[in-house]
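In this chain, residues are counted from 1 in sequence order. Not measured: the values here are computed from a predicted model. As a basis for the values below, the full set of heavy atoms in this structure was taken, side chains included, without hydrogen atoms, waters or symmetry mates.
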Amino acid sequence: MRLHVLPVLLGLVLLGGCAGSPFVPDATHSELVAPYQLDAGDQLRVIVFGQDDLSNTYVVDQSGHISMPLIGAVPARGMTTATIEAEVGKRLRNGFLRNPDVSVEVSQYRPFFAMGEVGNPGQFAFLPGMTVQQAIAVAGGFTPRADKFTVEVTRSYGGRVESAQLKLSDPIMPGDTLYIRERII
């Protein structure tokens, strides 16, 4: 009799693990607490104190660079604002300014995208702290045919593109693509 109970208990334990939240790779959540990495479409406010001609808003282009007067193209893709500050300062010290004081901040994040069963699929402005549910609301909400329990997100990080299912309360990142499927029933 004991031999018959063991497979049943093992099966219940395995099914219990499946009943939890949707699969989300660790990298998806670990990226949310890591410093923000820039990519094409981000707008940066670069301030070089005392140098109004250099202080401006620069857009990270498709090649992953910002282009500044005097120093030219500065790599930005995958970098943080602190890394950009250091690089701009270093380049300006090379024959242009004695002791540049540089500040860099993201003035506008790259957009996110919503596709599938939302009222208004397309590209939308990202706001820090935005959740999946808020992003879907910005995209016009769910259509009547939408599967409201399965939201797939595609995210690029570390040079890789990953897809995962997220809960409505999970945060999204700039550049994310949300896909809402049609429900089966």
Enquirer: How long is the span from the CE atom in M79 to the CD atom in E85, to the nearest 0.5 Å?
Expert: 14.0 Å
Enquirer: Group every Ile, Leu, Val, Met, Phe, Trp and Tyr by side-chain heavy-atom contacts under 4.5 Å, then state whether M115 and F149 land in the same group.
Expert: no
Enquirer: Given V161 and T154, is the side-chain contact (heavy atoms from CB on, under 4.5 Å) satisfied, shown in steps?
Expert: CA-CA 7 Å; V161 176; T154 302; 3.4 Å; yes
Enquirer: So, taking the atom named OG in S156 and the one named CD in Q37, what distance separates them when rounded to the nearest 0.5 Å?
Expert: 9.0 Å
Enquirer: Can you name the residues that form a ring-ring contact (aromatic ring centres under 6.0 Å, His included) with F142, not counting sequence neighbours?
Expert: none
Enquirer: In the structure I gave you, are the side-chain heavy atoms of T83 and V104 within less than 4.5 Å of one another anywhere?
Expert: no
Enquirer: Does any N or O in the side chain of N94 come within less than 3.5 Å of the main-chain N or O of R91, such that one atom is a donor and the other an acceptor?
Expert: no
Enquirer: So does A139 get a backbone contact from the side chain of N120, meaning a donor-acceptor N/O pair under 3.5 Å?
Expert: no
Enquirer: Would you name the heavy atoms of P75 and I84 that are closest together and state the gap between them?
Expert: O-CD1, 3.3 Å
Enquirer: Kindly determine whether S103 and F49 satisfy side-chain contact (heavy atoms from CB on, under 4.5 Å), including the steps that lead there.
Expert: CA-CA 8 Å; S103 173; F49 293 96; 3.9 Å; yes
Enquirer: Please test Y58 against V74 for side-chain contact (heavy atoms from CB on, under 4.5 Å), starting from the C-alpha separation and ending with a verdict.
Expert: CA-CA 11 Å; Y58 300 95; V74 178; over 6 Å; no
Enquirer: Between L38 and L44, is any pair of side-chain heavy atoms under 4.5 Å apart?
Expert: yes
Enquirer: Tell me if the centroids of the rings in F126 and F112 come within less than 6.0 Å of each other.
Expert: no
Enquirer: Counting only heavy atoms from other residues, nucleotides and ligands, does the tally under 6.0 Å from CD of E182 exceed 12?
Expert: yes
Enquirer: What about the rings of Y179 and F113, do their centers lie closer together than 6.0 Å?
Expert: no
Enquirer: Grab the two heavy atoms, one from Q165 and one from T150, that are nearest each other, plus how far apart they are.
Expert: NE2-CG2, 3.5 Å
Enquirer: Would you mind reporting whether R93 and R98 have side-chain heavy atoms less than 4.5 Å apart?
Expert: no
Enquirer: So which heavy atom on L178 is nearest to which on A135, and how close?
Expert: CD1-CB, 3.5 Å
Enquirer: Let me confirm one number: the CE-CG distance from M68 to L92, rounded to the nearest 0.5 Å.
Expert: 6.0 Å
Enquirer: Take S55 and D52 through the side chain to side chain donor-acceptor pair (under 3.5 Å) test and state the conclusion after the steps.
Expert: CA-CA 5 Å; S55 297; D52 292 338; 5.1 Å; no
Enquirer: Do I47 and V60 sit in one hydrophobic cluster, given that two such residues count as connected whenever their side-chain heavy atoms are within less than 4.5 Å of each other, even indirectly?
Expert: no
Enquirer: Could you tell me if the side chain of V138 sits less than 4.5 Å from the side chain of M130, heavy atoms only?
Expert: yes
Enquirer: With rounding to the nearest 0.5 Å, note down the distance linking CD in E152 to CG in D176.
Expert: 11.5 Å
Enquirer: Within the structure provided, determine whether D101 and V48 are in side-chain contact (heavy-atom separation under 4.5 Å).
Expert: no
Enquirer: State the CG-CZ distance between L70 and F96, to the nearest 0.5 angstrom.
Expert: 5.0 Å
Enquirer: Could you give me the CA-CA distance, side-chain angles and deciding distance for S107 and T57, then say whether side chain to side chain donor-acceptor pair (under 3.5 Å) is met?
Expert: CA-CA 8 Å; S107 63; T57 299; 4.6 Å; no
Enquirer: Closest approach of P121 and V118, non-hydrogen atoms and distance?
Expert: CD-O, 3.6 Å
Enquirer: For V59 and Q43, which heavy atoms make the closest approach, and how far apart are they?
Expert: CG2-CG, 3.7 Å
Enquirer: Any link between L127 and F124 through a network of hydrophobic side chains (Ile, Leu, Val, Met, Phe, Trp, Tyr) touching at under 4.5 Å?
Expert: yes
Enquirer: Can you check side-chain contact (heavy atoms from CB on, under 4.5 Å) on T81 and V106, steps first, answer last?
Expert: CA-CA 7 Å; T81 54; V106 178; 3.9 Å; yes
Enquirer: Please name the pair of heavy atoms, one in A40 and one in R77, separated by the smallest distance, quoted to 0.1 Å.
Expert: CB-NH2, 3.7 Å
Enquirer: Are the side chains of Q51 and L97 in contact, using a 4.5 Å heavy-atom criterion?
Expert: yes
Enquirer: Is any side-chain heavy atom of S169 less than 4.5 Å from a side-chain heavy atom of Q133?
Expert: no
Enquirer: Enumerate the salt bridge (charged side-chain N to carboxylate O under 4.0 Å, His left out) contacts for residues 116-140, please, sequence neighbours excluded, ordered by first and then second residue.
Expert: E117-R145
Enquirer: Taking the side chain as everything from C-beta on, heavy atoms only, tell me whether I136 gets closer than 4.5 Å to L168.
Expert: yes
